[in-house]
Engineer: 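I'd like to ask some things about the structure below.
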Amino acid sequence: MERLYARYDVESPVPLAQVAETIAGEQSCGTFMRLPGETDALRERAGARVEEIVETGSSQTPSLPCRTPGSLYRRGELLLSWPVDNFGPSLTNALATVAGNLFELAEVSALRLLDVTFPQSFARAYEGPAFGVAGTRSLAGVHDRPMIGTIIKPSVGLSAEETASVVAELVAGGIDFIKDDELQADGPNCPFEARVDAVMRVVNDHAQRSGRKAMVAFNITGEVDEMKRRADHVAAAGGTCIMVSLHSVGLAGLGAIRRHASLPLHCHRNGWGLFSRSPDIGIAYEAWQKFWRIAGADHLHVNGLANKFSEDDASVMASARAVGSPLFGQETPFACLPVFSSGQTAAQVEPTYRTLGTPDFLYCAGGGIMGHPLGVAGGVASLRQAAEAAMAGIPIDEHARHHPELAAALALFKGKR
């Protein structure tokens, strides 16, 4: 019988073995007391199993408010497993199982889901990313280097035609990828269909002249029927990417669009801080990203080095490596493209490439392109030049001596973050 495994970091005023059994019962066939129908046979068939307990430390005070009193709060890692027959190969119900009521149990003073291991039945039930790295590169016409992208700024407030004017400047500057801000969807000041039509006129006209079409990720986030209509409109206009805000649409919403649309799914993690900011509660990215890859994400945001948020560089790079790691072996990797963003400039390209060890990533810079002293074209060129230097192993300052766009970017941005 297949089993789903989940690893947790837990803290509790009761012994770890006791809290592990409490969690296992709460998240499978048990409740606060043994009921007549809860036979030994049923528990053996449907109960969660405590596979491993490793104590890692203790504290005199709880990390989070805890209703159960205690004089010592033990901390450790738990590995639990569930029979897949409890819920079937269903992402939505697997999430309810491994990340449901357990976070609010009275015996828990800290709890964080660290990782999930899905059995092969999920690979058979879901198709995963339709495009991933190779498909995205093919549509964008970018090979053997990082993709350079940006975000429409100002994030909101522009009309459809004003947005198209910004896009015109970006495609003329040689950008590979453009995305809507997550705050821009289908407001009355910039209706979705009008924005798509205005932007794609610019993109298509430039592609006819240059032979190269920039990829634009239009934010289709909304109700499922709305998202389907919007995806169809983008495809009909010649667009090559759509974007969703994952926490807004949920696993079922992303799955519905994966099954309906024929375009790469650029997946934004806005709201991620709710799950990640505290080390004492939430979901680690290692676990979180697996659900979305199985559901069909082609691109996943991972923040960026020296970013404007609270995440440190080691966490960012671990996330970027995670989205490309095989989920079901090399034959069914379900790998997707990591997207770096948040305060990115030419100054962070080299350490991003060096630490990741591959050019298979999308590097999105807003101010790093639009705030460049030599304009948008200079900003795009500076990022490409930084990538060239990184991939060739040339020190960036040395490369900048012969590339004025890179030199100007480093003079403005280096050391600022």
Side-chain angles (χ1 to χ4, degrees), residues 129 131-133 136-137 140 142 144-153 155 170 175-182 214-217 241 243 245-246 264-270 272-273 276 285-286 288-289 292-293 297-325 335-372 379-391 396 406 409-410 413-414 416-417:
F131 292 85
V133 176
T136 298
R137 283 192 175 282
V142 179
D144 302 322
R145 66 167 175 82
M147 290 180 61
I148 305 302
T150 194
I151 308 94
I152 298 292
K153 297 294 183 181
S155 53
L170 289 167
I175 198 76
D176 301 323
F177 177 92
I178 304 165
K179 64 174 283 291
D180 279 337
D181 190 88
E182 67 272 16
M215 177 175 280
V216 182
C241 194
M243 170 182 148
S245 293
L246 293 178
L265 294 171
H266 183 87
C267 296
H268 202 295
R269 70 179 197 178
N270 53 87
W272 168 243
S276 66
Y285 194 88
E286 174 72 19
W288 179 89
Q289 53 89 27
W292 300 108
R293 286 165 61 190
D298 291 295
H299 313 158
L300 276 170
H301 279 237
V302 298
N303 210 342
L305 297 184
N307 58 78
K308 65 184 179 183
F309 298 122
S310 64
E311 189 173 8
D312 63 40
D313 289 352
S315 174
V316 170
M317 298 312 298
S319 297
R321 286 189 289 269
V323 302
S325 62
C336 69
L337 183 72
V339 181
F340 291 91
S341 62
S342 172
Q344 301 304 284
T345 72
Q348 295 110 302
V349 173
E350 188 279 332
T352 299
Y353 170 78
R354 172 171 38 83
T355 310
L356 190 61
T358 174
D360 288 336
F361 60 91
L362 171 57
Y363 193 84
C364 286
I369 288 177
M370 299 195 183
H372 193 279
V380 174
S382 74
L383 294 172
R384 287 194 183 172
Q385 292 160 6
E388 289 168 3
M391 295 179 67
I396 193 167
L406 180 56
L410 295 181
F413 299 120
K414 195 174 182 181
K416 281 198 170 185
R417 301 202 69 86

Engineer: Donor-acceptor check, side chain of Asn303 to backbone of Val316, threshold 3.5 angstrom: yes or no?
Structural biologist: no
Engineer: How close do Leu300 and Cys336 get, heavy atom to heavy atom, and via which atoms?
Structural biologist: CD1-SG, 3.6 Å
Engineer: Any side-chain heavy atom of Glu182 within less than 4.5 Å of one from Ile151?
Structural biologist: no
Engineer: Which pair of non-hydrogen atoms, one from Pro264 and one from Cys241, has the smallest distance, and what is that distance?
Structural biologist: O-SG, 3.6 Å
Engineer: Listed by chain and number, what are the ring pair (Phe, Tyr, Trp, His ring centres under 6.0 Å) partners of Phe361, not counting sequence neighbours?
Structural biologist: Phe340
Engineer: Who passes side chain to side chain contact (heavy atoms under 4.5 Å, CB included) against Asp312, sequence neighbours left out?
Structural biologist: Ala314, Ser315
Engineer: Is there a side-chain contact between Thr150 and Val380 (heavy atoms, below 4.5 Å)?
Structural biologist: no
Engineer: I'd like to check the ring pair (Phe, Tyr, Trp, His ring centres under 6.0 Å) partners of Trp272; sequence neighbours left out, ordered by chain and number.
Structural biologist: Tyr285, Trp288
Engineer: With a 4.5 Å limit on heavy-atom distance, are the side chains of Asp181 and Ile152 in contact?
Structural biologist: no
Engineer: Kindly write out the residues that satisfy side-chain hydrogen bond (donor to acceptor under 3.5 Å, both in side chains) with Thr136, not counting sequence neighbours, or none if the list is empty.
Structural biologist: His299
Engineer: Please give me the minimum heavy-atom distance between Leu356 and Ala320, naming the atom from each residue.
Structural biologist: CD1-CB, 3.8 Å
Engineer: Can you name the residues that form a side-chain hydrogen bond (donor to acceptor under 3.5 Å, both in side chains) with Asn270, not counting sequence neighbours?
Structural biologist: Ser245, His268
Engineer: Calculate, to the nearest 0.5 Å, the distance between atoms OG1 and CG belonging to Thr352 and Asp313 respectively.
Structural biologist: 8.5 Å
Engineer: Taking C-beta and beyond as the side chain, do Gln348 and Phe413 meet within less than 4.5 Å on heavy atoms?
Structural biologist: no
Engineer: Once rounded to the nearest 0.5 Å, what's the spacing between atom OG of Ser382 and atom NE2 of His372?
Structural biologist: 4.0 Å
Engineer: Please output the side-chain donor-acceptor pairs of residues 383-391 that fall under 3.5 Å, not counting sequence neighbours, one pair per line with the distance.
Structural biologist:
from, atom 1, to, atom 2, distance (Å)
Arg384, NH2, Gly174, O, 2.5
Arg384, NH2, Asp176, OD1, 3.0
Gln385, OE1, Leu406, N, 3.0
Gln385, NE2, Glu405, OE1, 2.9

Engineer: Just so I know, are the side chains of Leu305 and Met317 near enough to count as touching, which here means a heavy-atom distance under 4.5 Å?
Structural biologist: yes
Engineer: Write down the atom of Ser342, the atom of Asn307, and the distance for their closest heavy-atom approach.
Structural biologist: OG-CB, 3.3 Å
Engineer: Is any side-chain heavy atom of Thr345 closer than 4.5 Å to one of Lys414?
Structural biologist: no
Engineer: Could you tell me which residues satisfy side chain to side chain contact (heavy atoms under 4.5 Å, CB included) with Ala214, sequence neighbours excluded, listed by chain and number?
Structural biologist: Val171, Ile175
Engineer: Checking Glu286 side chain against Ala318 main chain: does a donor-acceptor pair fall under 3.5 Å?
Structural biologist: no
Engineer: If every non-hydrogen atom of Ile369 is compared with every non-hydrogen atom of Gly149, which pair is closest and at what distance?
Structural biologist: CD1-O, 3.6 Å
Engineer: Considering residues at least two apart in sequence or located in another chain, which fulfil the side-chain hydrogen bond (donor to acceptor under 3.5 Å, both in side chains) criterion with His301?
Structural biologist: His266, Ser341
Engineer: After noting the C-alpha distance and the side-chain angles of Gln289 and Cys267, does the key distance pass the side chain to side chain contact (heavy atoms under 4.5 Å, CB included) rule?
Structural biologist: CA-CA 11 Å; Gln289 53 89 27; Cys267 296; over 6 Å; no
Engineer: Write out all pairs satisfying salt bridge (Lys or Arg N to Asp or Glu O under 4.0 Å) with one or both partners inside residues 352-362, taking only residues at least two apart or from two chains.
Structural biologist: Arg137-Asp360, Glu350-Arg354
Engineer: Would you list the pairs meeting salt bridge (Lys or Arg N to Asp or Glu O under 4.0 Å) in which at least one residue belongs to residues 362-372, sequence neighbours left out?
Structural biologist: none
Engineer: Partners of Arg269 by salt bridge (charged side-chain N to carboxylate O under 4.0 Å, His left out), sequence neighbours excluded?
Structural biologist: Glu311
Engineer: Taking all atoms of both residues into account, what is the closest heavy-atom pair of Ala347 and Pro351, and its distance?
Structural biologist: O-CD, 3.8 Å
